[in-house]
There are 2 protein chains.
Amino acid sequence: MRSGERRITLADVASEAGVSVALVSIVMRGAPGAGAATRERVLEVARRLGYQPDSRARLLRSGRSRLIGVVFDVRHPFHHDLLTGLYDAAGKAGYQLTLSAVTPRRGERTAVGDLLQDRCEAIVLFGGQMRGSELASIAARLPVIAMMRSARRRDIDVVHNDDALGSHQAVDHLVALGHQRIAHVDGGALHGSAERRAGYHEAMRRHGLDGHIRVVAGGPGEEHGAAAAERLLADPPTAVTVFNDLSATGLLDVLRRNGLSVPGDLSVVGYDDTTLSRLAHIDLTTVGQDIDALAARAVERAVERIEGTATGPRAVIIPPRLVVRGTTGPAAAGALPPR
Amino acid sequence: MRSGERRITLADVASEAGVSVALVSIVMRGAPGAGAATRERVLEVARRLGYQPDSRARLLRSGRSRLIGVVFDVRHPFHHDLLTGLYDAAGKAGYQLTLSAVTPRRGERTAVGDLLQDRCEAIVLFGGQMRGSELASIAARLPVIAMMRSARRRDIDVVHNDDALGSHQAVDHLVALGHQRIAHVDGGALHGSAERRAGYHEAMRRHGLDGHIRVVAGGPGEEHGAAAAERLLADPPTAVTVFNDLSATGLLDVLRRNGLSVPGDLSVVGYDDTTLSRLAHIDLTTVGQDIDALAARAVERAVERIEGTATGPRAVIIPPRLVVRGTTGPAAAGALPPR
DNA sequence: TTGAAAGCGCTAACAG
DNA sequence: CTGTTAGCGCTTTCAA
């Protein structure tokens, strides 16, 4: 009882329906140029025989694959949300997605290499560590859209969240709650870290809080947030904006273990609005990226490049929006500094 | 400065190197039958021209794709860990993976359909809601390996964790710590739920704790664990085994909010050893699935089916192992029931 | 060791 | 509206 007798081909359907392969091809593609009756019959035969078009042969012949390759990292929860959006956007534009994952034991280069062999027409990269020169060498072969990272290259499109604006929103929110001594835990060398830090600086200055600017070294992990919290404990501010949600979680944990109440003694804002931040017991106020917009614009750029109709700017920056949850509250009156 | 002049083909390399396409094909595949010098030269030319083989054409001609299709759900963190293992296992076996994601707006049927068009030689399904009959209709076309779910079908291989054993390990651990009043929060209709519940029953009985058996309705989400905790609060046991980590997290939160200390008043064991359970402030004792073993055995089954050398059992059950962290501790003396 | 030729399943001209 | 013909880029006999 082995499975997969043999593939049903166009020829099989054609002979069974008593027409030519070309005609079946037309019917299967829904292309114009076939009689209604014939169309009906061919479709019926195809269904009965269980015909499945062979995308490889189809694409080989037509020269185009209508495929957009995506490199994502299995470890990054945010990437999965983004995939959801990309499937939708690509489908609407008449393209298919082909996925290539980066794992702890499978690098970006391998992931991109597979995509190139698959003959996709554009590549969308989620984050990643590739240097600009490397991206450029790929971009010499096909359009490259880099998401959630920057790239100072004229031949690469970038689509990402407005990190500086996100920090502004976080600081504005805290200031509106009466906070002044607002610290920032940064993300180290990661993409977006510099922008989020700069945004924090700008916002503080804009509010005339230059004197309260305080940046603590951090990173993307829970442990980084925890370490930053330890450092903050000696002289706690009344609020903190953190590079991302995971780091914020580590920070929260250490703060609470040390008897500080959140948001009573201290308010905390994360970044990314990940599943983690939505958990009831974390309930983190955070800056959410607009996933659907990011995905839609990335596909839009890819398609424009593929079809040679690209006109707009190579960099697309999407504004984020603050999601207020339970880790931010009014500054305690006593917390106001002397000034 | 448009990119992608034109694809470099075998013919380009051949003419540039002054040999036939057939010979270049041999060299590119590393197949035997080419002189060392020629091989060297062809390779050099290919590199210089930036030749990339076209997997479509290659597979079309050779009739085989050496592709294993994988259907995973972007929302399930565990699936991502499994992908990592599968890439490794498939690579070792000389196969490539082709991914198709299930998203909130892209169903299993679509995901499988794409894979069929890609002409992969076997399909690995992670969980999913497909009924046995549907799986069977796919299995009629190509080998199907179902992971993390059961399927009472002779034509479908299943590879999953030993859920009953996992529950045994959890209960054994708690009993060893002196617990007797151990409750179980189940997973509703999800895959593995019935087995984990049955395993709990068995283990309790084996320890002569029939009288303390207590199953509370639950589910896969944080909210389900939280609701179960509310129900448990009226008459708290001294320990709880929960269907999965996320649900356990919800349960923990409600317990603590109600003044119970974990593990002081109550011990909690989750299931899956997800990233969540490893967070410092959650630090959940849990049952971990052996991801590498699961992945390796799934690929092994797929390859055996593809190559027609399948012999072993159609169901492969992998033993899990308990990961002891901070949510389990000795039963308080006073907590012992009168008996 | 190397080359010529056929053809995988399909689409795209072009005829009829 | 339908059929014929010619390949897409590659692998695979089969000869040389």
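Chain A is the first sequence line, chain B the second, and so forth, proteins listed ahead of strands; every chain is numbered from 1.
Residues from residues 30-41 of chain A that place a heavy atom under 4.0 Å from any atom of DNA chain C: there are none.
Only one option out of A:Glu121, A:Arg301, A:Arg66 pairs with A:Ile306 in a side chain to side chain contact (heavy atoms under 4.5 Å, CB included); it is A:Glu121.
Among the heavy atoms of the strands lying under 4.0 Å from B:Arg29 is at least one base atom, whether or not backbone atoms are also near.
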Heavy-atom contacts, protein to nucleotides 3-8 of chain D, under 4.0 Å, summarised as B (base), S (sugar-phosphate only) or - (none) per nt, yield BB-BBB
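Distance OH (B:Tyr51) to C1' (D:dC10): 7 Å, rounded to an integer number of Å. In this entry the distance linking CE of A:Met28 with C1' of C:dA12 reads 18 Å, nearest Å. The nearest whole Å value for the distance from the CG atom in B:Leu116 to the P atom in C:dG9 is 16 Å. C:dC8 atom P lies 20 Å from atom CD of A:Gln52, rounded to whole Å. In this entry the distance linking CG of A:Leu59 with C1' of C:dC10 reads 10 Å, nearest Å. Nucleotide C:dC10 holds its P atom 10 Å from the CD atom of B:Gln117, rounded to whole Å.
With a 4.5 Å cut-off on side-chain heavy atoms, A:Leu135 and A:Arg149 count as touching. A heavy-atom distance below 4.5 Å is not found between the side chains of A:Arg75 and B:His80.
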Let's go through B:Leu294 and B:Gln289 carefully: what are the C-alpha distance in whole Å and the side-chain angles of both, what is the deciding distance for side-chain contact (heavy atoms from CB on, under 4.5 Å) to 0.1 Å, and is it a yes or a no?
CA-CA 8 Å; B:Leu294 285 167; B:Gln289 303 195 33; 3.5 Å; yes
Chi angles and distances behind the side-chain contact (heavy atoms from CB on, under 4.5 Å) call for B:Arg106, B:Asp114:
CA-CA 11 Å; B:Arg106 185 173 193 267; B:Asp114 277 13; 2.6 Å; yes
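One finds no salt bridge joining A:Arg47 and A:Glu44 here, because no Lys/Arg side-chain nitrogen approaches an Asp/Glu carboxylate oxygen to under 4.0 Å.
Other residues, nucleotides and ligands contribute more than 12 heavy atoms inside 6.0 Å of the CZ atom of A:Arg48. The number of heavy-atom neighbours closer than 6.0 Å to CD of A:Glu40, taken from other residues, nucleotides and ligands shown, is 12 or below.
Phosphate contact (OP1/OP2 of C:dC10, side-chain N/O of A:Ser25, threshold under 4.0 Å): absent.
Side chains of B:Ser62 and B:Arg58: no donor on one and acceptor on the other come within 3.5 Å.
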